[in-house]
There are 2 protein chains.
Amino acid sequence: MSQKKISSTEENYLKAVYSLSEKISENSYVSTNSIADEMQTKAASVTDMVKRLAEKTMLTYVPYKGVRLSGLGKKIATDLIRKHRLWEVFLVEKLGFTWAEVHPIAEQLEHIKSDELVHRLDAFLEYPEYDPHGDPIPDKEGKFRAKPEILLSDLKISEAGIIVGVKMHSPQFLEYLDSKKLVLGTKVEITEIIEFDQSMIVKLENESSFNVSSKICKNLYIQMA
Amino acid sequence: MSQKKISSTEENYLKAVYSLSEKISENSYVSTNSIADEMQTKAASVTDMVKRLAEKTMLTYVPYKGVRLSGLGKKIATDLIRKHRLWEVFLVEKLGFTWAEVHPIAEQLEHIKSDELVHRLDAFLEYPEYDPHGDPIPDKEGKFRAKPEILLSDLKISEAGIIVGVKMHSPQFLEYLDSKKLVLGTKVEITEIIEFDQSMIVKLENESSFNVSSKICKNLYIQMA
DNA sequence: AAAAATATTTAGACTAGTCTAAATATTAAT
DNA sequence: ATTAATATTTAGACTAGTCTAAATATTTTT
Ligand SMILES: [Mn+2]
Ligand SMILES: [Mn+2]
Ligand SMILES: [Mn+2]
Ligand SMILES: [Mn+2]
């Protein structure tokens with residue numbers, strides 16, 4: 001399986017490429033610069049690294065075009081995402097962390113190498129399907145369950161739904177959501193849309209309604225009721 | 001606290017020095033070669049590293065004599081041991097690993113950096129005092145509880161006690177102990193000592209008695225009944 | 001289609017950590 | 001007190017990963 005010799009750095013590059021691949025069309029390449037952006041590093045460093053990863057057959061690299069993950073690279077990336085999200089569930093469900101706190105710790109824990117550990121953690125958590133931010137947890141084969149698609153900003157007046165995920169993950173954003181009780185599982189109904197700034201007046205169950213900015217509406221995933 | 005920039009490698013060196021310090025007299029030095037042995041590396045590499053650690057005031061280094069941990073170095077080492085042992089408890093108590101399996105995984109987990117995580121893990125495990133091998137878990141200040149001292153090999157005929165720890169940690173040894181039911185908490189009584197090879201005939205509660213080799217007797221810690 | 005702007009790669013340097021081989025210091029043996 | 005054996009340090013080289021600056025390729029604008 002994924003028991004090859006691979007560094008945490010290499011894993012992080014593959015994860016970044018995977019994540020960037022999701023945002024572009026199937027047959028296009030992930031550019032050097034976009035990877036540098038995502039990894040907070042320099043394009044020159046990326047070129048070095050993708051050459052090494054290509055050497056290890058984890059991706060294909062076409063100079064001046066970009067890279068594409070191979071099956072192996074995809075497997076390593078989804079394994080990493082699986083571990084990241086399982087650990088986030090652990091941190092929230094078992095240790096009582098908030099959803100705003102867990103990401104940096106999961107960034108470390110995802111690199112722990114032990115298939116048996118992942119397997120037992122998964123069982124201990126009772127095979128969760130989604131992480132604390134509503135992101136689906138891929139299975140051992142790297143298959144994802146359906147991910148939330150509809151944003152709060154897609155709803156029309158009088159439509160209602162349940163918050164099932166967040167698009168942005170910054171702690172500040174998540175803490176703000178907590179303070180407004182806009183957490184996963186909360187039912188929301190649109191009572192009004194303010195045209196000039198695209199903000200919405202939202203009604204929560206057993207709560208008074210209030211204004212929600214466009215920025216927030218574009219970062220909340222909804223399961224329509 | 002321990003939030004300085006410190007690499008896992010540096011942490012491992014400090015842990016090795018700490019462990020070696022325990023085995024020698026208070027005022028003597030830990031030698032370069034002994035560190036190289038412990039770390040499975042070369043003496044030349046150790047010299048390089050201890051110079052860097054001395055630079056960071058984590059230990060004092062006297063060329064051709066050896067090193068001694070500073071207060072800071074000692075704190076980093078005991079923090080690491082604390083984390084290692086807490087994770088071992090987690091792996092055994094919560095995830096169902098055997099005591100023979102946990103060490104290599106804890107070697108990775110001990111390097112996760114988050115004081116809050118350690119604190120919450122400690123609480124989640126209900127503040128355990130000993131790890132699955134009977135080794136005491138130091139507190140936040142690095143203070144240790146009493147560690148087991150008496151070995152099974154110290155007992156005389158007809159004396160009895162409870163197994164509270166193991167001196168050796170190899171998986172093979174631990175698995176062998178499991179197969180003989182010589183696990184922590186087991187009550188043992190010496191019924192006979194074979195002089196020529198220093199092996200012992202041991203009686204367990206509700207079990208028939210059997211021969212235990214000298215090597216094993218020297219690696220089992222006993223709390224006398 | 002040339003010029004300008006942008007993206008990407010190459011070249012060379014740096015740090016952390018490691019190694020081997022050679023030099024030097026310390027300790028033990030005669 | 002020399003000599004021999006052992007321990008330790010230095011010197012020089014190597015890899016992974018990173019950076020800046022310069023060179024080159026690609027894309028966009030005019
Ligand atoms: Mn995360
Ligand atoms: Mn998440
Ligand atoms: Mn251990
Ligand atoms: Mn242990």
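Below, chain A is the first sequence line, B the second, and so on; all start at residue 1. Just the heavy atoms: all of them, side chains too, but no hydrogens, waters or symmetry mates, feed the values below.
Here ring-ring contact (aromatic ring centres under 6.0 Å, His included) pairs that include residues 58-101 of chain A, with residues two or more places apart or in two chains, are A:His84-A:His103, A:Trp87-A:Phe90, A:Phe90-B:Phe90. Within the structure, ring-ring contact (aromatic ring centres under 6.0 Å, His included) contacts touching residues 11-57 of chain B (residues at least two apart or in different chains) do not occur. Within the structure, ring-ring contact (aromatic ring centres under 6.0 Å, His included) pairs that include any residue of residues 117-141 of chain B comprise B:His133-B:His169 (at least two apart or interchain). Sorted by first and then second residue, the ring-ring contact (aromatic ring centres under 6.0 Å, His included) pairs with a member in residues 37-56 of chain B form an empty list; sequence neighbours excluded.
Under the side chain to side chain contact (heavy atoms under 4.5 Å, CB included) criterion, A:Asp48 pairs with A:Arg52, not counting sequence neighbours. Residues passing the salt bridge (Lys or Arg N to Asp or Glu O under 4.0 Å) test with A:Glu38: none are found, sequence neighbours excluded. Remark: A:Lys147 engages A:Glu22, A:Pro136, A:Phe144, A:Glu149 in a side chain to side chain contact (heavy atoms under 4.5 Å, CB included) (not counting sequence neighbours).
With axes fitted over five pairs at each extremity, the angle between the ends of the helix from C:dA1-D:dT30 to C:dT30-D:dA1 is 10° (10° resolution).
DNA chain D is contacted by no residue of residues 104-111 of chain A, taking any non-hydrogen atom closer than 4.0 Å. Contacts between residues 23-31 of chain B and DNA chain D, counted as heavy-atom distances below 4.0 Å, involve B:Ser31. Scanning residues 33-46 of chain B for heavy-atom distances under 4.0 Å to DNA chain D yields B:Asn33, B:Ala43, B:Ala44.
With respect to the salt-bridge test (charged N to carboxylate O, under 4.0 angstrom), the residues A:Glu116 and A:Arg120 qualify. Note on A:Asp79 versus A:Lys75: salt bridge recorded, some NZ/NE/NH1/NH2 to OD/OE distance being below 4.0 Å. Between A:Arg82 and A:Glu110 no salt bridge is recorded (no basic side-chain N to carboxylate O distance below 4.0 Å). Remark: B:Arg145 does not engage B:Asp139 in a salt bridge, criterion side-chain N to carboxylate O under 4.0 Å. Checked for salt-bridge contact, B:Lys15 and B:Glu11 miss the test: no charged N lies under 4.0 Å from a carboxylate O.
Taking CG from B:Leu182 and CD1 from B:Ile163, the interatomic distance works out to 4.5 Å, rounded to the nearest 0.5 Å. Note that the CD atom of A:Glu93 and the CG atom of A:Asp131 stand 10.5 Å from one another [nearest 0.5 Å].
The footprint of chain A on DNA chain C, defined by a heavy-atom cutoff below 4.0 Å, extends from C:dA7 to C:dT10.
Of all heavy-atom pairs spanning B:Leu155 and B:Ile193, the tightest one is O-CD1, 3.8 Å.
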